[in-house]
There are 2 protein chains.
Amino acid sequence: MGVNIQIQLNENLYIRDPQDTKLGRSIIQHSIHLIDEIGFEDFTFKKLAQRIHSTEASIYRYFENKHRLLVYLLCWYWEWMRYLIEVNTKNMTDPRKKLTIAISTIVDAALRDEAIDWVDEDVLYRIVVSESTKAYHTKKVDEENKKGFFLTYKSLSKTIAAIITEIKPDFQYPKALASTLLEMAKDHIFFAQHLPSLTDISNGNQEYSDAKELLRHFAFSILDGPASVS
Amino acid sequence: MGVNIQIQLNENLYIRDPQDTKLGRSIIQHSIHLIDEIGFEDFTFKKLAQRIHSTEASIYRYFENKHRLLVYLLCWYWEWMRYLIEVNTKNMTDPRKKLTIAISTIVDAALRDEAIDWVDEDVLYRIVVSESTKAYHTKKVDEENKKGFFLTYKSLSKTIAAIITEIKPDFQYPKALASTLLEMAKDHIFFAQHLPSLTDISNGNQEYSDAKELLRHFAFSILDGPASVS
DNA sequence: TGGAAAGCGATAGTATTCCTATCGCAATTG
DNA sequence: CAATTGCGATAGGAATACTATCGCTTTCCA
């Protein structure tokens with residue numbers, strides 16, 4: 001049993017809802033691992049079909065193409081993040097503590113969680129770090145945005161922006177700070193692993209406490225900074 | 001005539017140096033425009049060959065594949081940026097002014113410049129905004145990093161980090177702040193254009209003065225922030 | 001309980017992408 | 001003027017990104 005979470009995503013993302021069937025759940029579970037292993041560029045429906053002992057045509061019954069599948073996975077992550085932040089900050093009165101918890105929650109996505117047994121959240125987060133910008137850095141952003149593909153990301157960002165506004169109601173850049181924190185988490189975890197000269201956090205630490213510290217330092221410096229900046 | 005700048009890039013990036021021949025320069029010039037028009041995913045050497053009235057095989061004599069060409073273009077931009085920041089901050093004594101100039105220089109890359117007549121810098125910057133993360137978010141990052149593909153990006157980041165250290169020698173995160181400013185410039189210009197709810201800067205302003213103001217505000221708040229952060 | 005519908009494997013086939021290889025002409029170079 | 005370089009032309013192969021059809025099972029529900 002355990003916790004029973006049902007994440008409902010935008011219907012435009014899929015042809016058939018993968019959560020409804022055994023094959024659908026298998027597609028989600030194994031696509032996460034396969035993309036993590038070989039990268040999104042080399043990932044194909046044919047390779048996925050071979051791994052799950054199904055066929056290319058069967059996978060195409062669920063997703064129009066591999067890009068839609070990627071966006072589906074990311075939406076799943078974004079929605080799950082937003083849910084976790086909401087749960088973890090519930091009943092808290094101090095908005096500063098809320099922001100600290102939100103930052104920790106984002107970074108801790110790199111760690112294993114067992115929320116849903118056919119989604120390995122820690123592996124999914126590696127995909128978020130490596131592949132998420134490919135979801136919206138496309139010639140079709142505007143079209144896909146209209147279809148609501150990025151609502152969950154915007155909603156996650158909005159949740160964090162709301163906490164920021166709670167801390168400092170007259171702050172000029174709540175939305176920018178919220179999205180920057182989300183992007184920074186990915187960037188610096190990636191830099192620490194692959195391009196360490198672009199960051200000051202170390203890669204050794206399994207729990208990324210450096211990353212949390214960096215985000216907190218930036219966020220609170222900006223929020224508590226001198227009223228007038230030269 | 002005009003200014004004569006020669007940008008020398010990593011030899012591993014190309015098979016034949018595109019700066020040496022007419023066809024090579026044509027490949028650079030038109031690939032920038034074609035990638036800008038149709039996006040990197042849909043961009044192919046065949047389409048580029050058609051546009052410049054050449055052949056696929058001829059383009060393959062310059063670049064192993066389209067990914068290498070993209071990295072080449074980005075390296076060109078990163079090196080050019082570093083050069084501009086160095087020139088623009090030369091003989092300045094106040095490091096705070098240097099950082100302000102550096103930020104303006106990065107954001108102004110979106111504007112037309114005529115440094116080299118076969119490179120349209122403003123169009124190239126649109127590629128940087130939309131496609132640059134695809135250069136290093138690959139399964140081959142580590143391998144390509146060893147070959148020195150990202151030296152110019154790291155060098156640009158290092159230049160900015162040095163200014164930050166000049167401002168505040170005991171600052172804990174100079175490298176992280178430098179790369180964050182570079183990433184933020186791209187992200188928020190992109191968000192303003194396509195996902196406006198993720199930023200607070202507007203898209204209307206042609207000179208992105210909002211973006212400059214945002215970056216300056218974040219940078220100096222972090223540098224001037226209260227010594228101890230809760 | 002029986003007939004319709006849904007789900008999925010199997011197979012076939014097409015257009016495009018991503019290359020590699022070879023040939024030969026024209027321009028450049030030494 | 002001989003040798004090299006640069007490049008257009010063509011061919012072709014393996015992989016990718018789909019689309020379509022057939023028919024077998026399982027499930028649904030009346």
Side-chain angles (χ1 to χ4, degrees), chain A residues 11-31 34-35 37-73 118 131 134-135 138-140 143-144 149, chain B residues 11-31 34-35 37-73 118 131 134-135 138-140 143-144 149:
Chain A
E11 288 183 5
N12 293 317
L13 284 170
Y14 48 78
I15 297 165
R16 210 203 296 306
D17 191 338
Q19 294 188 107
D20 286 349
T21 66
K22 204 180 162 185
L23 178 64
R25 289 186 293 270
S26 183
I27 288 169
I28 300 306
Q29 181 179 17
H30 289 95
S31 64
L34 191 53
I35 292 171
E37 283 170 35
I38 65 177
F40 186 65
E41 276 70 36
D42 289 343
F43 170 82
T44 68
F45 279 1
K46 192 168 196 173
K47 289 174 188 167
L48 177 59
Q50 278 163 358
R51 173 161 300 199
I52 63 178
H53 306 293
S54 178
T55 63
E56 229 183 324
S58 294
I59 298 172
Y60 274 106
R61 290 196 182 102
Y62 285 85
F63 293 99
E64 246 181 80
N65 52 52
K66 70 174 184 173
H67 179 254
R68 293 283 170 100
L69 170 55
L70 177 64
V71 178
Y72 180 93
L73 296 177
W118 44 279
E131 320 285 1
K134 297 169 191 170
T138 303
K139 276 288 156 184
K140 292 183 182 167
E143 185 192 318
E144 297 187 341
F149 284 16
Chain B
E11 288 184 4
N12 294 317
L13 284 169
Y14 47 80
I15 296 166
R16 210 203 294 304
D17 191 337
Q19 294 189 107
D20 286 349
T21 66
K22 205 179 161 185
L23 179 63
R25 290 185 292 270
S26 183
I27 288 169
I28 300 305
Q29 182 179 16
H30 291 95
S31 64
L34 191 53
I35 292 172
E37 283 170 34
I38 66 179
F40 187 66
E41 277 69 37
D42 289 343
F43 170 82
T44 67
F45 279 180
K46 192 169 195 171
K47 289 174 188 167
L48 176 60
Q50 279 164 358
R51 171 161 303 201
I52 64 179
H53 306 294
S54 179
T55 61
E56 229 183 325
S58 295
I59 298 173
Y60 274 105
R61 289 194 184 103
Y62 286 85
F63 293 99
E64 247 181 78
N65 51 54
K66 70 174 185 175
H67 178 256
R68 292 282 170 101
L69 171 55
L70 176 64
V71 177
Y72 180 92
L73 296 176
W118 44 279
E131 322 284 2
K134 296 168 192 170
T138 303
K139 276 289 156 184
K140 292 181 182 166
E143 186 192 318
E144 297 187 339
F149 284 16

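Proteins come first, then strands; the chains are lettered A, B, ... in the order of their sequence lines, and each starts at number 1.
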Go through it in stages, so that I can follow the logic: the residues are B:Tyr72 and B:Ser31, the test is side-chain hydrogen bond (donor to acceptor under 3.5 Å, both in side chains), and I'd like the CA-CA distance, side-chain angles, deciding distance and then a yes or no. CA-CA 11 Å; B:Tyr72 180 92; B:Ser31 64; over 6 Å; no
Could you tell me the separation between the [atom1] atom of [X] and the [atom2] atom of [N], rounded to a whole number of Å?
| X | N | atom1 | atom2 | result |
| --- | --- | --- | --- | --- |
| B:Gln50 | D:dA9 | CD | C1' | 14 Å |
| A:Ile27 | C:dG7 | CD1 | C1' | 12 Å |
| A:Arg61 | D:dA17 | CZ | P | 19 Å |
| B:Glu41 | C:dT17 | CD | P | 13 Å |
| B:Leu48 | C:dC19 | CG | P | 14 Å |
| B:Arg68 | C:dC18 | CZ | C1' | 15 Å |
| A:Tyr60 | C:dA12 | OH | P | 19 Å |
| A:His53 | C:dC8 | NE2 | P | 16 Å |

Base, sugar-phosphate alone, or nothing: which one does A:Lys47 contact when heavy atoms must sit under 4.0 Å apart?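 Sugar-phosphate contact only.
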Under 4.0 Å between any heavy atoms, over every strand shown, what does A:Ser58 touch: base, sugar-phosphate, or nothing? Just pick one. base
Given [N], is OP1 or OP2 found less than 4.0 Å from the side-chain N or O atoms of [X]?
| X | N | result |
| --- | --- | --- |
| A:Ser54 | C:dG9 | yes |
| A:Tyr62 | C:dC8 | yes |
| A:Thr55 | C:dA10 | no |

If you draw the axis of the six-membered ring of A:Phe63, does the NZ or CZ of A:Arg68 fall within 45° of it and under 6.0 Å from the ring centre?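 Cation-pi check for A:Arg68 and A:Phe63: fails.
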A:Phe40 ring centre to A:Lys66 NZ or CZ under 6.0 Å, with the angle to the axis within 45°?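 Ring-cation test returns yes.
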Need to verify one output field. Residue with the more 5' nearest nucleotide on DNA chain D, A:Lys46 or B:Ala57?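 Whichever sits nearer the 5' end wins; that is B:Ala57.
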Residues at least two apart in sequence or cross-chain that pass side-chain hydrogen bond (donor to acceptor under 3.5 Å, both in side chains) with B:Ser26, listed by chain then number, are B:His30
Establish whether the base of C:dC19 is bridged to the side chain of B:Glu56 by a donor-acceptor pair shorter than 3.5 Å. yes
Would you give the length of the straight line joining atom CZ of A:Arg25 to atom CD1 of A:Ile28, rounded to the nearest 0.5 angstrom? 10.5 Å
